[in-house]
Amino acid sequence: MLSGRRVVLGVTGGIAAYKAVEVCRRLVDAGVHVVPVMTAGAEHFIGRTTLSALASEPVQTSLWTETSPIPHTLLGQQADLILIVPATARLIGAYAAGLSTDLLTNVLLATRAPVVICPAMHTEMWEHPAVQHNLATLRQRGVYVVEPDEGRLAGGDIGRGRLAAPERILAEVERVLGPRDLSGLHVVVSAGGTREPIDAVRVIANRSSGKQGYAIAAEALSRGATVSIVSTVDLPVPCGAVVVRVDTAAQMHTAIAALADDADIIVMAAAVADFRPVAAVDGKIKKEAGVPQIVLEPTPDILAALGANKPAGQTLVGFAAETSDLLANAQSKLHRKQLDLIVANDVSLPGVGFEHDTNAVTLVCADGHVSTVALTDKRAIARAVLDSVCRIRTGNDSAG
Ligand code: PMT
């Protein structure tokens, strides 16, 4: 999504400037053309050579270059986004007041591109009313502020003011630059495999890691959605998502039912057990008692229940984990569970489905549209799934 975009990375004079180097590297790895601009203060903390070596072009620091008579206007006009890492109290104040004191503040005033600032400073400075007032002014003007974290600061004291982690900064850049086609929509995603208790220590489980569900959640967030994840696993939570933690199919059913009425899009990526023990034994079944007879019963089919009670305007997406007859089985589930889209993966193939970082899928829509996505990372699969959802919803909108 970021590939080919042009980002001016402004670095100002705070100790967190060294972390801008990592942010720069990650942006370049994602295919971004990074144009680095450093203030005089930043040069006290990191060398130009470091940033020039990692960015897409040499660092610029001055308004008065011989190569370009108006560097600030060009940089501002050509950028898809201006990112400031870290943003000091001075930079925030100058930007809020409209002061063009150096190349970076000139670029900020001479651009129409979105601006993301990542403040980092001591807690006392962060909490100062002047700084908070300036930030409020910038927010009102549409500047995106990545709030600092709480943690150990330079000098060893603990408090708010530590630069946000690089992944949070990157997520915000993605969110701001990405398509906003899910803006205003609530997406509910299930992730992970359910665990049905046999006794106090044993469960019937499956190999779902939750990676595919979390990738869909992250992609939906970056496209502007509000996201709830009903999850059986503890993966890092994509910034901004709300997680409801569950274990069994029955708990997942209850959690999703509570969210379903307000959901615009539901994606069931979880691997839900089809059967569970009729009753879990209290305590641990003792080996000495011989091989136990475990009687199973069906779990609730969450997706089928959602399909049977689907509110108008909701888009319902299921997954199908198959080991043979992929298309026929997927089409049967699509119709039986009254879905708008089913994402079928042949989990017997190498690199596909459970636990892998990659997947390969066939997307089958209720309107008959079928497409395939060859083996790729789960985020790219998530993108294809949500592209299909948007196509279906646009079709529905224009039909209605
Ligand atoms: O989590 P990962 O390690 O990243 O792996 C991803 C995945 C392989 C789990 C994912 O890509 C996937 O295929 N998820 C669906 C797994 C599954 O349970 O498929 P199924 O064909 O058995 O079920 C069909 C659909 O009905 C699924 O959307 C499932 O969530 C839903 N279902 C199934 C049973 C049940 N009792 N209730 C349900 O809602």
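Read the numbers this way: they start at 1 and go in the same order the structure lists the ligands and their atoms.
- By the side-chain contact (heavy atoms from CB on, under 4.5 Å) test, Phe354 pairs with Asn206, Arg207, Ser208, Ala271, Ala321, Val347, sequence neighbours left out.
- Annotation: side chain to side chain donor-acceptor pair (under 3.5 Å) contacts of Arg276 (sequence neighbours excluded): Glu297.
- Checked by atom type and distance alone, the side chain of Asp149 never pairs as donor or acceptor with a backbone atom of Ala164 at under 3.5 Å.
- Between Arg139 and Glu147 there is a salt bridge, since a side-chain N of the basic residue sits under 4.0 Å from a carboxylate O of the acidic one.
- Protein residues having at least one heavy atom under 4.0 Å from any atom of ligand 1 are Ser208, Ser209, Gly210, Lys211, Gln212, Met268, Ala269, Ala270, Ala271, Val272, Ala273, Asp274, Thr299, Pro300, Asp301, Ile302, Leu303, Gly318, Phe319, Ala320, Ala321, Lys333, Lys337, Asn345, Gly353, Phe354, Glu355, Asn359, Lys378, listed by chain and number.
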Please report, to 0.1 Å, the donor-acceptor pairs under 3.5 Å made by any side chain of residues 102-120, with sequence neighbours excluded.
unit_1: Asp102; atom_1: OD1; unit_2: Leu104; atom_2: N; d: 3.4
unit_1: Asp102; atom_1: OD1; unit_2: Thr105; atom_2: N; d: 3.0
unit_1: Asp102; atom_1: OD1; unit_2: Thr105; atom_2: OG1; d: 2.6
unit_1: Thr105; atom_1: OG1; unit_2: Thr101; atom_2: N; d: 2.9
unit_1: Thr105; atom_1: OG1; unit_2: Thr101; atom_2: OG1; d: 3.4
unit_1: Thr105; atom_1: OG1; unit_2: Asp102; atom_2: N; d: 3.0
unit_1: Thr105; atom_1: OG1; unit_2: Asp102; atom_2: O; d: 3.1
unit_1: Asn106; atom_1: ND2; unit_2: Asp102; atom_2: O; d: 2.8
unit_1: Thr111; atom_1: OG1; unit_2: Gly76; atom_2: O; d: 2.8
unit_1: Thr111; atom_1: OG1; unit_2: Ala113; atom_2: N; d: 3.0

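- A salt bridge links Arg223 with Asp387: at least one charged nitrogen is closer than 4.0 Å to a carboxylate oxygen.
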